[in-house]
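So you know, we letter chains A, B, ... as the sequences are listed, proteins then strands, and number each from 1. Values reported hereafter were calculated over all heavy atoms of this structure, with side chains retained and with hydrogens, waters and symmetry mates removed.
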2 protein chains.
Amino acid sequence: MIRREASRGTGRPTLAEVAKLAGVSQITASRALRNVPTVDPENVAKVKDAAKALGYVPNPAARTLASARSQSVVVLVPALANQLFIETLEAIHAVLHPRGFEILIGNFHYSKEEEEELIRNYLSFQPCGMLLTGFDRTEASLRLLEATGVPRVHMMELSRTEDVHSVGFSQEDAGAVVARHLLSKGRRRLAYVAAQLDARVVQRGEGFKRALAEAGVLDRAVEIKVADPSSVELGGELFQALLNDHPDIDGIFFCNDDLAHGALFEAQRRGVPVPERITFVGFNDLPMSAHTVPRLTSIRTPRAEVGEHAARLLLQLIGGSETARKSIDLGFELMVRESG
Amino acid sequence: MIRREASRGTGRPTLAEVAKLAGVSQITASRALRNVPTVDPENVAKVKDAAKALGYVPNPAARTLASARSQSVVVLVPALANQLFIETLEAIHAVLHPRGFEILIGNFHYSKEEEEELIRNYLSFQPCGMLLTGFDRTEASLRLLEATGVPRVHMMELSRTEDVHSVGFSQEDAGAVVARHLLSKGRRRLAYVAAQLDARVVQRGEGFKRALAEAGVLDRAVEIKVADPSSVELGGELFQALLNDHPDIDGIFFCNDDLAHGALFEAQRRGVPVPERITFVGFNDLPMSAHTVPRLTSIRTPRAEVGEHAARLLLQLIGGSETARKSIDLGFELMVRESG
DNA sequence: TACAGTCAAGATAGCGCTATCTTGACTCTC
DNA sequence: GAGAGTCAAGATAGCGCTATCTTGACTGTA
């Protein structure tokens, strides 16, 4: 029988070969490539040259097995179907990938149960860090996260307690800003139209109603909430329903721009002048919102910035920094345009 | 000094513990959990019970290291910034995740060089399969893929040769269908407006022009191509430029719906009646296109179906099937709406 | 009864790295 | 100049699995 060069294994160069070529021990080569500071710079250069000459690429499985910690960061988002989290993911990637981290993306489709299963599954990969969306999850999820002690940063909302790290902005304040804006335009008969009722959508509504209460017009306000996923189509339907049931509504805050876009199309179709008869305000400021007819007033949310800062904060935590800031508030901005 | 239970390792139950509890050897436990058919069903039951009792979860790093093959499938897409590939990714996930595969998503931002780097990087994870977008990549990328022999399926386009597997539809035919539709509406002065010039966008344009040539109106056609990323804003700008330079254009084929949406907004703003003066046709049929004013005629592409079939085909290849179909044509559909 | 053939189960030996302990050369101090 | 302290480099021993070879019980045949 013919003797194979390698009956098992990948056939790719290994650390042992790099070490041999560099004339050092394997563990020194390992340390050199990981930039462990106790290695003589001369040896570091020899090892890195050897690695390059051989085209050596570390085997992540072996690394993970030996160190009981991977170079992966898990990011859990509630949806990929809209651009919101894509921009955040891109920003996270831009920070972490150049530093050698792999990113495992989990989409839990706004389901706490699905998120719990993802957490369970991804923890088996021994990630070195996790980026999570918000704070609203199952008890079991929380226990799993606490038990493993993997560094983590929560995105999009700000924590009220001091024991977790978060990067985001105040969803409630954003809702209140929208309310005050509509009031400043002389609107008094206001509505909050929401779908996909996650914690953040609810918080926006709370802030909105809080501000209306302060202005004494809450009793005349209307709230439409449906649990269905947001879509352009749903926005049109909800607008139509609202118009039928409450024809005197003069200002609407949509929980996101998708709904607002659908409502804009429907308003145009029905000949309802926006903003003359009804003022529209959206949320998230999707790129399209600056171009619709009329252009949509919306809350610009720092989606990319949240990803970037969360990733940087996580890097500090992975590096063992105790001085890392607990919470980073990145704020938001009301983009006032033609719709109100 | 206090003796630790485990100074290294994860602290989680291992296969050895499962085997001990089940009263079999470790390798039998390993085989039982992987459903290797040579194990006595009684032993399989004992092992699976023991695993459940201990809350055992396999360590993927150890698996990958020992078998030189991970349970990961790499999916490389040119963009995440629009919904196109998200739907494909969701469908892939729905097929592969329940079967225990992990999905590594790589976004190469329409850059062949970036794709090459991603391929290099992801191959170090020893994926058991790859799903790629199209056929247009660097020579080095091709060599890497060939050298490793990892099963792969190409998505979105159909291969012209018989040596690779592909799932998609004919981009050229889709372009030709649009051309014939516009001609059937009596339009003769036609334009193709394209951005983000990847291979598929070019193929659509080729099919469009081929059909115009067959109808003898190619010499009056206009083509606007820019390499910039597609966006709603760009669609408006390109429409405006087109209108200035060629005021007699009476039909436009946009290479994607984003551009068409932007042009629709711009047309409305400038009082250009669509479809009365100019007919618009988009591509991809994004969810919003059925709701714009006017509703957009577009080519509906089988994005989710491509993902699903590609994943299924890949599963066959991973399983060693030689009988797997080489190419699956899923077609497309012209959705005729108000814009033309 | 003896023999080859079959097959489930086990023993053994890694996969390619890194944690940990040890070594030995070198400094510094009194 | 002996002892303690420092520090880069190496030896050793796994991490938790699976590929591969081996074993031994069992079958069927002549």
Side-chain angles (χ1 to χ4, degrees), chain A residues 1 3-20 22-47 51 54-71 100 123-126 128, chain B residues 1 3-20 22-47 51 54-71 100 123-126 128:
Chain A
M1 194 171 177
R3 177 80 190 286
R4 294 279 196 74
E5 276 293 316
S7 55
R8 286 177 73 178
T10 58
R12 292 185 294 139
T14 68
L15 187 60
E17 295 167 47
V18 174
K20 195 175 168 193
V24 299
S25 73
Q26 190 173 325
I27 186 66
T28 298
S30 170
R31 290 199 262 247
L33 291 174
R34 281 178 294 140
N35 297 314
V36 173
T38 62
V39 183
D40 187 328
E42 201 175 304
N43 280 336
V44 173
K46 277 196 287 185
V47 170
L54 292 172
Y56 170 77
V57 181
N59 182 325
R63 273 197 165 164
T64 303
L65 184 59
S67 65
R69 175 128 302 186
S70 75
Q71 287 286 97
L123 283 177
S124 78
F125 289 84
Q126 296 158 250
C128 59
Chain B
M1 195 174 177
R3 176 81 189 286
R4 294 279 196 75
E5 276 294 316
S7 54
R8 286 177 73 177
T10 58
R12 291 185 296 139
T14 68
L15 186 59
E17 295 167 48
V18 174
K20 196 175 168 193
V24 298
S25 72
Q26 190 173 326
I27 187 66
T28 298
S30 169
R31 290 199 263 246
L33 291 173
R34 281 178 294 141
N35 297 313
V36 173
T38 63
V39 183
D40 188 330
E42 201 175 304
N43 280 336
V44 172
K46 278 197 287 186
V47 170
L54 292 172
Y56 171 76
V57 181
N59 181 325
R63 272 197 165 164
T64 303
L65 183 59
S67 66
R69 173 129 305 184
S70 76
Q71 286 286 97
L123 284 177
S124 78
F125 289 84
Q126 296 159 252
C128 59

Just verifying a value: how many Å separate Asp40(A) CG and Arg31(A) CZ, rounded to the nearest 0.5 Å?
13.0 Å

Could you tell me whether the side chain of Leu15(A) reaches within less than 4.5 Å of the side chain of Leu33(A), counting heavy atoms only?
yes

Nearest heavy-atom approach of Ala62(A) to Leu65(B) is CB-CD1, 3.7 Å

If we ignore hydrogens and angles and just use 3.5 Å, is the side chain of Ser67(B) paired with the main-chain N or O of Arg63(B) as donor and acceptor?
yes

If a stem is a run of at least 3 consecutive Watson-Crick or G-U pairs, both distances under 3.5 Å, which stems include DNA chain C?
C:1-30 with D:1-30

Taking side chain as C-beta onward, heavy atoms only, is Pro58(A) less than 4.5 Å from Arg34(A)?
no

Is the backbone N or O of Ser70(B) less than 3.5 Å from a side-chain atom of Gln126(B), with the two atoms forming a donor-acceptor pair by type?
no

Strictly below 4.0 Å, heavy-atom distances to any atom of DNA chain D: list the hits from residues 35-47 of chain B, or just say none.
none

Contact string for nucleotides 11-18 of chain D, one letter per nucleotide 5' to 3', B = base within protein heavy-atom range under 4.0 Å, S = sugar-phosphate only, - = neither, reads B-BBBBBB

Give me the atom names and distance for the closest heavy-atom approach of Thr14(B) to Tyr56(B).
C-CE1, 3.5 Å

For Pro60(A), is there any backbone N or O sitting under 3.5 Å from a side-chain donor or acceptor partner on Thr64(A)?
yes

Of all heavy-atom pairs between Ala61(A) and Asn59(A), which one has the smallest distance, and what is that distance?
N-OD1, 2.9 Å

